[in-house]
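So the structure is just underneath, and the comments pick up after that.
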Protein chains: 2
Amino acid sequence: MTARYIEIYQQFKTDIIQEKYPANSFLPSEAKIASQFSCSRDTVRKALSHLEEDGFIQKQHGRGSQVLQHSLVNFPISGLTSFQELKQVQRLDANTKVVLLKRLQSTAMNRQTTGFPAKTKLYHLIRVRYINGLASVIDEDYFDRSVVHNLTAEIAAGSIYEYLENTEKLTISYAEKSVTAELISKQDRLLMPDLPERENRLIQVESRVHLADTTYFQHTISRHRPDKFQFNEFSRRQKK
Amino acid sequence: MTARYIEIYQQFKTDIIQEKYPANSFLPSEAKIASQFSCSRDTVRKALSHLEEDGFIQKQHGRGSQVLQHSLVNFPISGLTSFQELKQVQRLDANTKVVLLKRLQSTAMNRQTTGFPAKTKLYHLIRVRYINGLASVIDEDYFDRSVVHNLTAEIAAGSIYEYLENTEKLTISYAEKSVTAELISKQDRLLMPDLPERENRLIQVESRVHLADTTYFQHTISRHRPDKFQFNEFSRRQKK
DNA sequence: CCCAATTTGTGCGTATGTATT
DNA sequence: TAATACATACGCACAAATTGG
């Protein structure tokens, strides 16, 4: 029982992607959409607002809703998207090697790296992502074990988010992220043996991920090969 | 004549920043806020939705709206924020040197760098941003002259967006952005003389900026010193 | 375990304002 | 000027989640 406005959102999203509404064309007016879907204009407006947020359309007062060029191979890291989901969307030739999976407890010492307060029981996971056979990303994760139970190497090699959302029924909600360029460590060189000597930094995306009830449960540090890194984003100017 | 829901949004935003509602506390219920502001619940909900989008609160069905830790010195590049606005928000010791400002016309040849189709009349602008006296960012802009008129070095040294929005009455609306790590050119070394020899890449943020009527008018290439680059973002997981 | 109160989520209808053509 | 389209706001009803008794 998905909400009506979500259905309408999805309908237009797929129609736009399939170019039933090509770039620069206009959607039908809100009133027409409402009568087509036999719903109120308010419901249509909710759907269109989401399409606008996500960069599919631009609403124009008095004119209509215009379809934007959708930047095709988008979202490599934007939003909160897992590697497995990207792999599907972009049809990448990608696989994952689990380098380390162990239980540990955070301490005052490692608070900085784990991202958790002392004495939290954690999983520590390190994975290398290979794209077209090339080691391209090193992912290091810390999960709160009071939230994530029974993490196995098999799950870690597949989709952890799929497991958390579907099997453990968690609702992943939001994250604070930061992107920096960090110096390459000896461990990085070992895990990315093809990395040219002249490179001295990896692009690091650090995320602190929370559930819908605001529980903080995951700290991820993703280090990307600089020559393979690309991060696309759609952004809107904030109304004053 | 700002919209009522925007006023309510702003009221709560400042209250949260000033910690009248501290992190982890709950806002009053939507019904209470509505009666406080003598407005409908619908208006309150619009305001709260925007607060949630922007990472100030987390709404929880059946519980209420909880205030999130707001990542303090946030938004260095996220969204569509001008350097001058960042400078104000972050109280940076920053200034700008205009290196180049000239008129030119795009050709089929330079289409890639200018970001515009051939024969578009453009401004070409290069600026260096100094933070605490250190050359930290090289900004290269191309503006469509049919949109941006009378660009001067004085305006370019100050806030172009302030000029465009307030003087030229343009509504800057959205951008497609990409972040990559690019090899350092000779020109980069000249403009950033303090850049250590061992660094081989700058972090490049490329933006294509559009007005509310979808007119494409600005292409910006910002190259950042890798040791000074940090890009923070709040992001929400997409609902399926 | 269930019920009741509270709170947010969704949807409908209506009215009025404002921008575009 | 008139018609069309989006923007804002109010009110109501019921559904669904949470909490506490």
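Remark: B:H210 NE2 to A:Q58 CD distance equals 10.0 Å, nearest 0.5 Å.
For the residue pair B:D144/B:S146, the side-chain donor-acceptor check at 3.5 Å is satisfied. For the residue pair A:H124 / A:Y142, a side-chain donor-acceptor distance below 3.5 Å is found, with atom types taken as modelled.
Note: CD1 (B:I57) to C1' (C:dT7) measures 13 Å, nearest angstrom. Whole-Å rounding puts the B:D213 CG to D:dA5 C1' distance at 16 Å. Atom CD1 in B:I8 sits about 13 Å away from atom C1' in D:dC10, given to the nearest Å. We find that OH of B:Y9 is positioned 14 Å from P of D:dT8, with the value rounded to whole Å. One atom, CD of B:Q58, and another, P of D:dA17, lie 16 Å apart when rounded to the nearest Å. Protein atom CG of B:L48 is 13 Å distant from nucleotide atom C1' of C:dG9, rounded to whole Å. Separating the CD atom of B:Q66 from the P atom of D:dT19 is a distance of 11 Å, rounded to the nearest angstrom. The NE2-C1' distance, from B:H50 to D:dT8, rounds to 11 Å in whole Å.
Salt bridge annotation for A:R236-B:E53: absent, with no cationic side-chain nitrogen under 4.0 angstrom from a carboxylate oxygen.
At distances below 3.5 Å, not a single donor-acceptor pair connects side-chain atoms of B:T167 with backbone N or O atoms of B:L164.
Below 30°, between 30° and 60°, or above 60°: for B:H50 and B:Y5 the angle between ring planes is below 30°, a parallel geometry.
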Inset, instruction - List the protein contact pattern of nucleotides 11-21 of chain C with one symbol per nucleotide (5' to 3'): B for base contact, S for sugar-phosphate-only contact, - for none; contact means a heavy-atom distance under 4.0 Å. - result: SB----BBBSS
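In terms of phosphate contacts, B:R45 brings no side-chain nitrogen or oxygen within less than 4.0 Å of OP1 or OP2 of C:dT8.
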